[in-house]
Amino acid sequence: QVQLVESGGGSVQAGGSLRLSCAASGDRYSRDCMGWFRQTPGKEREGVAAIYPGSKLTYYADAVKGRFTISQDNAKNTLSLQMNSLKPEDTAMYYCAAAPCAVVPGSWAGLRGAIYNYWGQGTQVTVSS
């Protein structure tokens with residue numbers, strides 16, 4: 001069983017920064033590939049960033065490229081999302097997700113929520129203008 005616990009959300013003004021963390025526990029194989037997603041009421045869940053370990057392959061949604069950075073510390077079992085230059089449209093509940101890396105890096109669809117087996121409870125990010 002895999003458990004994911006997010007932290008680091010909060011309220012910030014536009015242009016500010018936040019760093020989200022996801023503490024992961026449980027079978028390592030089941031949580032090798034990880035990602036961050038976000039959702040606002042009435043909208044579909046959106047893939048924000050994802051990481052395929054070993055290959056250092058990362059994916060980012062176009063809306064966050066150049067502003068957000070995903071990283072993974074295997075020694076500390078932690079996934080992080082550094083968010084800079086935040087905009088009001090980044091306001092959402094942010095979720096950490098994990099799954100086995102069942103395919104080779106070139107075939108991995110890291111921003112698709114359907115490939116993930118495990119999800120955290122979420123942490124709220126609110127950006128004011």
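Looking at heavy atoms from C-beta onward, Ser71 lies out of side-chain contact with Gln82 at the 4.5 angstrom threshold. In this structure, the side chains of Leu111 and Glu46 stay at 4.5 Å or more apart for every pair of heavy atoms. Counting heavy atoms from C-beta outward, Cys101 and Pro53 have side chains that approach closer than 4.5 Å. Leu79 has its side chain within reach of Trp36: a pair of non-hydrogen atoms, C-beta onward, lies under 4.5 Å apart. Side-chain contact between Phe68 and Asn84 is absent, with no heavy-atom pair separated by less than 4.5 Å. For the pair Gln72/Thr78, no side-chain contact is recorded, criterion being any heavy-atom separation below 4.5 Å from C-beta on.
Rounded to the nearest 0.5 Å, atoms OG (Ser128) and CD (Gln13) are 5.0 Å apart. Atom OH of Tyr95 is separated from atom CG of Leu4 by 13.0 Å, given to the nearest 0.5 angstrom. Atom CD in Gln124 sits 9.5 Å away from atom OG1 in Thr40 (nearest 0.5 Å). The SG atom of Cys33 sits 4.5 Å away from atom CH2 of Trp108, with the distance rounded to the nearest 0.5 Å. The SG atom of Cys96 sits 11.5 Å away from atom CD of Gln121, with the distance rounded to the nearest 0.5 Å.
One hydrophobic cluster holds both Leu18 and Val64 under the rule that ILVMFWY side chains link at heavy-atom gaps under 4.5 Å. The cluster map of Ile, Leu, Val, Met, Phe, Trp and Tyr, joined by side-chain heavy atoms under 4.5 Å apart, puts Ile115 and Tyr60 in different clusters. By the rule that hydrophobic residues join a cluster once side-chain heavy atoms approach within less than 4.5 Å of another member, Ile70 and Leu86 end up as members of one cluster. Met34 and Leu81 end up in the same hydrophobic cluster when Ile, Leu, Val, Met, Phe, Trp and Tyr side chains are linked at under 4.5 Å. Linking Ile, Leu, Val, Met, Phe, Trp and Tyr residues whenever their side-chain heavy atoms come within less than 4.5 Å places Leu57 and Val103 in a single cluster.
With Glu6 contributing its side chain and Leu20 its backbone, the two residues share no donor-acceptor pair below 3.5 Å. Side-chain atoms of Arg38 never come within 3.5 Å of backbone atoms of Met93 as a donor-acceptor pair (strictly under, hydrogens ignored). For Ser21 (side chain) and Ser7 (main-chain N/O), no donor-acceptor pair under 3.5 Å exists by modelled atom type. Panel note: side chain Tyr94, backbone Val48; no donor-acceptor pair is recorded below 3.5 Å. Put simply, the side chain of Thr123 gets close to the backbone of Gly9: a donor and an acceptor are under 3.5 Å apart.
In summary, the aromatic rings of Phe37 and Trp119 are positioned with their centroids under 6.0 Å apart.
Nearest heavy-atom pair across Ala14 and Pro88 is CB-CD, 4.1 Å.
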Checklist entry - Between Asn117 and Arg31, is a side-chain hydrogen bond (donor to acceptor under 3.5 Å, both in side chains) present by the stated rule, with each step listed? => result CA-CA 9 Å; Asn117 304 104; Arg31 54 178 170 89; over 6 Å; no
Item to check | side-chain contact (heavy atoms from CB on, under 4.5 Å) evaluation trace for Met83 with Thr69 | outcome: CA-CA 7 Å; Met83 306 186 296; Thr69 302; over 6 Å; no
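Between Lys87 and Asp90 there is no salt bridge, since no side-chain N of the basic residue sits under 4.0 Å from a carboxylate O of the acidic one.
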